[in-house]
Amino acid sequence: MKPWIRRTLIVLTGVTVLAGGLAACGHRPHHGPASPEQVAEWRGKAVERVSRKLDLDTAQRQKLDVLADKLVAQRQAMMGPAGEPREAMRALVAGEKFDRARALHLLDEKTRVLQVATPEVINALADFYDSLNPTQQAEVRGFLEKRRGWFQRG
């Protein structure tokens, strides 16, 4: 095959792959960070789903609500007051040089949030898990064993 034909085919293949990738990624518009209403809706759906799957009683449901509230609070604290972590990242690369001092400051802020909020989340999770009966605990362990990765449904 002549070199110019081979180059043309390679370029056409590359353009096709690029166009396909852009089309595949372009189907979902970006809406920015989740609104408090969306977070509340997702929280409610998650609590309902867990309650239904584990057949929780009222006391267990209350402990699950506390856990969900702690998780939402930790998420909001990690997002920061602006609620837009991408803005913080854009600020790091806004100048000619990467703002290392600001990056380390952001890391310190997030680490502080984790150090303060995580023990509360762990305690809420422990209270919830300890309130489950052995059958419910086995269901939780079974669910965790079935999970293969972050994005796969068990």
Side-chain angles (χ1 to χ4, degrees), residues 14 16-154:
T16 303
V17 169
L18 179 63
L22 290 174
C25 293
H27 73 283
R28 193 181 113 221
H30 177 68
H31 296 291
S35 69
E37 294 81 21
Q38 287 173 316
V39 172
E41 179 184 346
W42 296 336
R43 178 210 173 278
K45 286 180 180 179
V47 167
E48 284 301 319
R49 183 173 174 214
V50 170
S51 296
R52 188 177 59 249
K53 287 197 178 246
L54 293 177
D55 193 27
L56 300 179
D57 63 25
T58 305
Q60 292 169 330
R61 171 68 189 259
Q62 288 173 346
K63 291 181 188 283
L64 179 60
D65 282 332
V66 169
L67 173 60
D69 290 341
K70 297 286 184 192
L71 287 170
V72 168
Q74 184 180 32
R75 178 190 178 278
Q76 289 171 340
M78 287 295 293
M79 293 292 289
E84 180 60 73
R86 287 189 180 106
E87 289 301 320
M89 287 303 296
R90 284 187 196 115
L92 295 177
V93 295
E96 291 182 25
K97 301 236 180 207
F98 184 83
D99 191 348
R100 295 170 194 231
R102 178 69 184 141
L104 289 172
H105 180 72
L106 282 172
L107 175 65
D108 288 341
E109 286 177 2
K110 301 305 179 188
T111 302
R112 234 176 286 116
V113 167
L114 286 175
Q115 288 173 338
V116 170
T118 301
E120 293 178 14
V121 172
I122 290 171
N123 286 332
L125 177 58
D127 289 344
F128 170 67
Y129 184 78
D130 292 347
S131 75
L132 299 176
N133 64 43
T135 304
Q136 292 169 322
Q137 290 178 351
E139 286 181 50
V140 170
R141 286 190 296 272
F143 172 76
L144 292 173
E145 288 175 11
K146 284 195 287 186
R147 297 285 294 193
R148 289 184 202 54
W150 287 100
F151 300 108
Q152 293 178 334
R153 296 288 174 182

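These figures come from a predicted structure and were not determined experimentally. Just so you know, these numbers use all the heavy atoms, side chains as well, and skip hydrogens, waters and symmetry mates. Residue indices begin at 1 and follow the sequence shown.
Atom CG in Asp55 sits 8.5 Å away from atom CD in Gln60 (nearest 0.5 Å). Summarising the geometry, atom CZ belonging to Arg49 is positioned 10.5 Å from atom CG belonging to Leu54; distances are rounded to the nearest 0.5 Å. Remark: Asp127 CG to Ile122 CD1 distance equals 12.0 Å, nearest 0.5 Å. Summarising the geometry, atom CZ belonging to Phe128 is positioned 10.0 Å from atom CZ belonging to Arg61; distances are rounded to the nearest 0.5 Å. Rounding to the nearest 0.5 Å gives a distance of 7.5 Å between CG of Leu56 and OG of Ser131.
A donor-acceptor distance shorter than 3.5 angstrom exists from the side chain of Gln136 to the backbone of Asn133, with no hydrogens or angles considered. Of the possible polar contacts, one joining the Arg43 side chain to the Asp65 backbone as a donor-acceptor pair under 3.5 Å is found.
For the pair Glu145 and Arg141, the salt-bridge criterion is not met [side-chain N within less than 4.0 Å of a carboxylate O].
Considering all non-hydrogen atoms of both residues, Gln74 and Val113 come closest at O-CG1, 4.5 Å. Residues Glu120 and Lys70 approach most closely at OE1-NZ, 3.4 Å, considering heavy atoms. Among all heavy-atom pairs drawn from Leu92 and Ala103, the shortest one is CD2-N, 3.4 Å. The heavy-atom pair separating Ser51 from Leu64 by the smallest distance is OG-CD2, 3.7 Å. Residue Leu67 comes nearest to Ala124 through the heavy atom pair CA-CB, 3.8 Å, listed as atom of the first residue, atom of the second, then distance.
Residues Glu109 and His105 meet the side-chain proximity criterion, which asks for heavy atoms closer than 4.5 Å. Arg102 places a side-chain heavy atom less than 4.5 Å from the side chain of Leu106.
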- Pair Asp108-Arg112, salt bridge (charged side-chain N to carboxylate O under 4.0 Å, His left out): steps then yes or no: CA-CA 6 Å; Asp108 288 341; Arg112 234 176 286 116; 5.0 Å; no
